[in-house]
Number of protein chains: 2
Amino acid sequence: MTPKSTTEADAAHEALAVVLRVRDGVLQVLLWERARRPFLGAWALPGGRLEPGETLERSLRRHLAAKVDVRDLAHLEQLETRSDPRRHPARRMIATAYLGLVPAHVDPSVPGDTAWQPVDDLPAMAFDHRDIALAGRERLRAKLSYTNIGFALAPPSFTISELRALYRAALGHDVSATNLQRVLLRRRLLEPTGETRPPGRAGGRPAAVFRFAATDLAVTDQFAVLRPPDVR
Amino acid sequence: MTPKSTTEADAAHEALAVVLRVRDGVLQVLLWERARRPFLGAWALPGGRLEPGETLERSLRRHLAAKVDVRDLAHLEQLETRSDPRRHPARRMIATAYLGLVPAHVDPSVPGDTAWQPVDDLPAMAFDHRDIALAGRERLRAKLSYTNIGFALAPPSFTISELRALYRAALGHDVSATNLQRVLLRRRLLEPTGETRPPGRAGGRPAAVFRFAATDLAVTDQFAVLRPPDVR
DNA sequence: TCAAGTTATCGACTGGTAGACGAAAACCAA
DNA sequence: TTGGTTTTCGTCTACCAGTCGATAACTTGA
């Protein structure tokens with residue numbers, strides 16, 4: 001049978017966040033420099049201990065409030081829970097990671113010990129945080145293809161060129177402007193605002209301005225290759 | 001600042017499993033009848049407390065061993081972590097749920113307090129286990145469409161008709177035998193064994209026998225509508 | 001004012017894939 | 001031999017994404 005009385009205390013639990021944004025064509029993650037051991041001075045994901053009575057998401061938002069304005073978080077979803085006993089060198093610590101997205105148009109001021117780092121060229125990181133950060137990137141990339149999660153990275157309105165730059169930075173490869181517009185329009189994820197943006201100094205045709213349709217994310221969170229019959 | 005000393009003990013953590021199989025054309029989940037309060041006598045997902053030094057997956061396999069032969073589990077992946085303080089009426093309990101799949105050809109004997117229940121017609125369940133079970137079903141349905149996760153539900157070899165029955169039960173809707181074969185063959189997920197199965201008493205053409213190709217699940221775990229250019 | 005350059009948008013072509021359907025194959029039973 | 005059953009295969013069609021080139025709408029500079 002399983003032991004009923006735990007000799008040591010129950011495992012501590014923490015919530016961590018992979019907060020991503022696109023800036024200057026680069027996908028960045030919010031990291032902070034640890035101020036205590038272990039891994040003193042190393043880069044780490046923001047987050048912290050779960051306190052009694054809190055949900056994980058609430059705890060995460062509380063810890064995050066010290067780093068960024070939580071109102072700037074356009075999207076937050078659970079990633080995975082890590083439980084390897086050796087992931088923390090000193091104590092038992094279970095971590096539940098979340099993926100958070102910050103739109104391109106907000107630039108939250110962050111404390112001095114906090115910085116945006118490129119996800120494709122991460123510095124040395126504490127614990128297993130590097131793996132978690134990369135898992136967050138992969139989740140974003142997968143979901144960009146079949147959901148409207150892109151709205152969480154984009155400003156309220158944008159041109160196709162601007163959106164294309166966002167997708168290129170997040171996906172890590174180029175996307176065709178023609179296909180991006182057609183695919184998103186056909187799926188009713190995008191709608192034109194009717195406005196246009198004046199061209200830059202080099203000239204060029206004014207770009208039409210679009211916005212993401214106000215559809216529920218959950219609605220478009222599904223994709224099926226084998227669709228049910230008669231649904232068309 | 002956040003409180004450093006926890007007045008009450010840290011939250012207890014449990015691992016739960018949504019173990020699914022297809023039997024007689026019905027998608028079933030493994031449940032057991034609780035033998036103690038709260039929810040005494042109600043149906044619950046198998047699982048139990050995480051003990052010191054265990055990973056979540058190891059803990060789950062240990063608890064599951066009392067219910068089914070763990071070697072019969074063809075697939076196990078993490079689903080989600082639930083942390084609502086009110087999900088357990090008496091104490092603080094965080095649950096990490098997993099999705100497990102049992103192939104159709106094995107029929108593990110289960111203890112008397114354990115039973116397979118239809119996922120589409122669940123009995124009243126303890127805690128939030130009903131939500132978790134349905135989340136497991138949705139994960140399976142989504143992944144059936146774009147991964148080779150179906151191999152974990154299928155016997156080592158099978159005819160297209162048998163596989164079609166499996167998919168119909170799991171997906172909840174009919175699938176065309178023609179398309180099922182063509183789609184899976186084209187993606188190299190399926191390969192013919194060269195054998196045929198003799199027809200039943202009513203006659204009919206002998207069915208060709210297939211098996212899932214021995215590709216790594218992780219390899220086929222990706223799908224992209226917006227593919228990178230030049231990859232063809 | 002006009003030509004050249006620039007950027008955005010659109011239409012057309014192509015290839016690939018899935019759903020539907022019916023024909024053909026391979027068996028059984030009467 | 002005929003009719004029924006099940007499986008398998010080919011074909012037709014629709015849809016969708018990737019590519020490419022034409023066109024639109026603007027700029028600057030001569």
Worksheet entry | Set of residues satisfying side chain to side chain contact (heavy atoms under 4.5 Å, CB included) with respect to B:A135, sequence neighbours excluded | B:E80
Worksheet entry | Value in whole Å for how far the C1' atom of C:dA26 lies from CZ of B:R205 | 6 Å
Worksheet item: Tell me: CG of B:N179 to P of C:dA18, nearest whole Å?
Response: 8 Å
Worksheet item: Looking at residues at least two apart in the chain, or sitting in another chain, which of them share a side chain to side chain donor-acceptor pair (under 3.5 Å) with A:R87?
Response: A:E14, A:D128
Worksheet item: Rounded to whole angstrom units, what separation is found between the CZ atom of B:R186 and the P atom of C:dG15?
Response: 15 Å
Worksheet item: What's the CZ-C1' distance between A:F210 and C:dC10, to the nearest Å?
Response: 12 Å
Worksheet item: When you match A:G204 and A:A177 each to their closest nucleotide on DNA chain C, which lands nearer the 5' end?
Response: A:G204
Worksheet entry | Protein-nucleotide distance (A:D174, atom CG; D:dC20, atom P), rounded to Å | 13 Å
Worksheet item: Which residues satisfy the side chain to side chain contact (heavy atoms under 4.5 Å, CB included) test with A:A65, sequence neighbours excluded?
Response: A:V70
Practice prompt. Check every strand shown and say whether A:S176 touches a base, only sugar-phosphate, or nothing at a heavy-atom separation below 4.0 Å.
Written response: base
Item to complete: Let me know the distance between CZ of A:R164 and C1' of C:dT9, rounded to the nearest Å.
Response: 13 Å
Worksheet item: When all nucleic acid strands are considered with a 4.0 Å heavy-atom cut-off, which category describes A:T159: base, sugar-phosphate, or nothing?
Response: nothing
Worksheet item: Contacts to DNA chain C from residues 192-203 of chain B, heavy-atom cutoff under 4.0 Å, which residues?
Response: B:P199, B:R201, B:G203
Worksheet item: Is the number of heavy atoms from other residues, nucleotides or ligands within 6.0 Å of CZ (A:R141) greater than 12?
Response: yes
Response to the item:
Applying side chain to side chain donor-acceptor pair (under 3.5 Å) to A:E33 and not counting sequence neighbours gives none
Worksheet item: What is the distance, rounded to the nearest whole Å, between atom CZ of A:R182 and atom C1' of C:dA8?
Response: 16 Å
Practice prompt. Is it possible for you to check whether B:R21 lies under 6.0 Å from the centre of the six-membered ring of B:W116, through NZ or CZ, and within 45° of that ring's axis?
Written response: yes
Worksheet item: Closer than 4.0 Å, any side-chain N/O of A:Q181 to the OP1 or OP2 of C:dC10?
Response: yes
Practice prompt. Grab the CD-C1' distance between A:E162 and C:dA8 for me, whole Å please.
Written response: 12 Å
Worksheet item: Can you name the ring-ring contact (aromatic ring centres under 6.0 Å, His included) partners of A:F158, sequence neighbours left out?
Response: A:F212
Item to complete: Give one of base, sugar-phosphate or nothing for A:A208, where a contact means two heavy atoms less than 4.0 Å apart.
Response: sugar-phosphate
